[in-house]
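Here the structure is laid out as structure tokens; the discussion comes afterwards.
Worth saying up front: this structure is predicted, and the values here are computed from it rather than measured.
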Amino acid sequence: MKKPISSLKASLQNAGQSLKNNSGGKFAKPGKPFNREQLQEAMKNLKLQHVMKSVGIKLFLIFFISILFFVLTVGLTSYSISKGIIQTKVADASEQTIAQAGQKLDLLFGVYEDLSMQVLLDNDLKALLTDMDSMNKGGYDYLQLRQKVGDKLNIYSYSNKTLKGIYLIRPTGEPLASTGGSFASDNLAQQDWFKKIMDNNGKATWLESRVKGFGDGTGGGTPTFGVGRVLKNTSTNNVQAVLLMEVNLDAIGNELAQIQMGEGGQTVMLSPDQKLVYDADRAKIGQDNSLGITKDALSQDKGHLQNDKKDMQLAYYKSTKTGWYLVGAMPVAELVRDAKTIFGMTWVMAFIAMIIAVVIGYFIVRMIGRPLVTLRNLMKEGEQGNLTVRMKVTSEDEIGQLSLSFNEMMEKITALVQQTNNSAQEVLDTATELSEASKKTATSAKEIAVATEEIANGASSLAVESERGNELTHNIAVQMKSVVDANVVMGTSAADVQKSSEQGITYMNELIGKTNSTEAMTRSMVEKVDNLKESTRSIRKILDVLNNMTKQTNILSLNATIEAARAGAAGKGFMVVADEIRKLADQSRQSIEVVGQITEKIQKEIDETVSVLSQAYPIFQEQILSVKEADSIFKQVQTHMGGFISQLSEVTESISQLESSQMVLTEAMSNVSAVAQQSSATSEEVASLSDEQLNISSGLVKLSDKLEELSNSLKESLSRFRIE
């Protein structure tokens, strides 16, 4: 019984300490007014520290970045698309231009091939060459034939003004005849171009351009390219001479002069091994190209591509006559120069959009951020215990609805605190009544304990007297056996018996009085235990009321938590208050459950006490009957002993009757002794229960005092809220 009371006391102490700790950390100290200036200063510091965490700033940054992102994305995408389209269109147009120019050059090259074929098929020229082979080189006829060959070549040379010269060379590399110039060396067989012509065995062989030409004649070393063939004797199929037609590079330049590849662009002609055949800068002729392309890149007859650095757009055409590549190169930057206007306008529009985003973002911050900051500050005041704060509703949007919800929440919390305050007052009143009832119960328990102790003492005395009566009847039996032999002694013994009978009557009268008192006390104890049972039922009703109040408090706390959760980050401050109220309700519920358990145990022990008393009461009735019967027997003994003294002569005739009476008396005294012992044991058990009931009553008094103290502490904690 002591363990539950101590557990209840510990739980109530922990609940009170937790309430003090929680209230001390969240609300102002008792007796000190709410300091609004300190709260405003704290709000200012909080605003400075967490400006980047503000919802308004976040909305502003999101809006600003989104607008800037989309404007730049659209602009740069438009620039990229337009740049690609322009590059594609220009590349296609350039490819067509280069292809047309290449086809014109193929016509030009075809003219030179046809001219070389005319020379190859000129029978007169072949006859002159045959005659020259049979003559002495130093003779006059040889010189005349050579002159005729030169005149023949001049005829072909005059037919095309772009030709710098036409040369006939013996298979051994010795110059035979020429127009327009001569060679610096008399042995040309070691020249690469000569070997190339010989290897083609009569086919037209195109020779890449040279900066100073193939000879050192009157041309002054101007850039030229050439076409060569092998002239054979039709009858013997032997090589008579090697034909070289040297063409001014300006023939190609004149055809390509009309091609405009834009500012920074150029048109060149490349050999299959990527050497420059034609370039506007004549000094680069014969060198590697600087376009940044490889041999494998020009794998088709025509097309367009970009160089390795992606800074030049190239269009090319492969000549069907020479196998050379006509390449037009254009800077990519020049192609997309017009597209850069879109790029610049994109940044201008991005700047304008940025200014517009700043203005709109400012209004968004004013419309959303400022009300949220105000609501946050009000919730901070509410967190500090000021329940009088209210949000001014100026709109019907979500913020206005949030403000209305906040005001309704504060109204409900205020009502909850008021209701809790009233409930605390009722708990305090109930605790006072419970304390008074407990004190009365303790007083009654003390009286019951005293009465029970008196009953136990009376039962013990009765047991002693019963033992003495039993011994007395035993002595009578012994005397009855010797009464016949000791008639004289019987007279004396009869006087002693009469005296003992008078004393037994006196004791029996006292026992009857004490038994009646015990019956009255037992009846009173039953009534008081019934009253105590009714008091415990009242306590149970009060605990049910408190339990319902705790459930309502939990429901209100849950509703407040839900409303705070709906408010999101702005409701975190109030969620703390709702959580503290819920914890307080849980602690009150736990304390009420402990008190209920103790009350149920008291009720159970009271029921057990009533049951024991109900069982003891019939025993007391039987004891009273036995005592009255014993009293009647003692009176009969006294009457008989009087007659025994007066009629001692009739002792012999009455021996049998006296023996019979003595047996009845022995049985009666045995019953009285048994009843007295049972009454003594029952009285001791009732005394033990009375002591335990007294301890319970004392614990209940202490518990009532503790409940009153906690009620005062709860009322003091609730007084820290400002609701007016």
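Considering every non-hydrogen atom in both M312 and P331, the closest pair reads SD-CA, 3.7 Å. Q300 and K318 make their closest contact through O-CB, 4.5 Å (heavy atoms, listed as atom of the first residue, atom of the second, distance). Closest approach of V277 to I285, counting heavy atoms only: O-CD1, 3.7 Å. Scanning both residues, Y317 and A99, for their nearest heavy atoms gives CD1-CA, 3.8 Å. Counting all heavy atoms, side chain and backbone alike, D301 lies closest to Y316 at C-CE1, 4.2 Å. When all heavy atoms of G323 and P272 are compared, the closest pair comes out as O-CG, 3.6 Å.
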Run the side-chain contact (heavy atoms from CB on, under 4.5 Å) check on K164 and V247 step by step: do they pass?
CA-CA 5 Å; K164 178 183 177 183; V247 185; over 6 Å; no
Test log, rule side-chain contact (heavy atoms from CB on, under 4.5 Å), inputs R282 and T222
CA-CA 9 Å; R282 299 294 191 266; T222 59; over 6 Å; no
Residues Q274, L298; criterion side-chain contact (heavy atoms from CB on, under 4.5 Å); working and verdict
CA-CA 10 Å; Q274 303 296 304; L298 305 178; 3.8 Å; yes
Let me see the working for L249 and I252 under side-chain contact (heavy atoms from CB on, under 4.5 Å), right down to the final yes or no.
CA-CA 6 Å; L249 193 60; I252 297 177; 4.1 Å; yes
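A salt bridge is defined here as a Lys NZ or Arg NE, NH1 or NH2 lying under 4.0 Å from an Asp or Glu carboxylate O, and K583 with D579 meets this definition. Comment: D250 does not engage K161 in a salt bridge, judged by the lack of any side-chain N to carboxylate O separation of less than 4.0 angstrom.
Between N559 and K412, every side-chain heavy-atom pair lies at or beyond the 4.5 Å cut-off. Proximity of L207 to V227: side-chain heavy atoms (C-beta onward) are nowhere separated by under 4.5 Å. Residues W324 and F109 meet the side-chain proximity criterion, which asks for heavy atoms closer than 4.5 Å. The shortest distance between side-chain heavy atoms of H304 and Q313 falls below 4.5 Å. Using a 4.5 Å cut-off on side-chain heavy atoms (C-beta onward), T205 and W193 make no contact. Looking at L314 and Q306, their side chains never come closer than 4.5 Å, going by heavy atoms from C-beta outward. The side-chain heavy atoms of L416 and I581, taken from C-beta on, include a pair separated by under 4.5 Å. Side-chain contact between E208 and K196 is present, with heavy atoms from C-beta onward closer than 4.5 Å.
Between the side chains of N289 and Y325, not a single donor N or O lies within less than 3.5 Å of an accepting N or O. Inspection of the E113 and W206 side chains reveals an N or O donor paired with an N or O acceptor under 3.5 Å. Judged by distance alone, the side chains of T224 and N248 never bring a donor and an acceptor atom under 3.5 Å apart.
The side chain to side chain contact (heavy atoms under 4.5 Å, CB included) test with L276 singles out one residue from D288, L270, L291, and that residue is L270.
With rounding to the nearest 0.5 Å, the separation of CG in L558 from NZ in K551 is 15.0 Å. Separation of atoms CG (L326) and OH (Y278) is listed at 10.0 Å; rounding is to 0.5 Å. Rounding to the nearest 0.5 angstrom, the gap separating the OG1 atom in T420 from the CE atom in M549 is 7.0 Å. One finds the CG atom of L404 at 12.0 Å from the CE atom of M409 (value rounded to the nearest 0.5 Å). Distance OG1/T267 to CG/L256: 6.0 Å, rounded to 0.5 Å. Taken from CG in D106 to OG1 in T322, the straight-line distance is 6.5 Å, to the nearest 0.5 Å.
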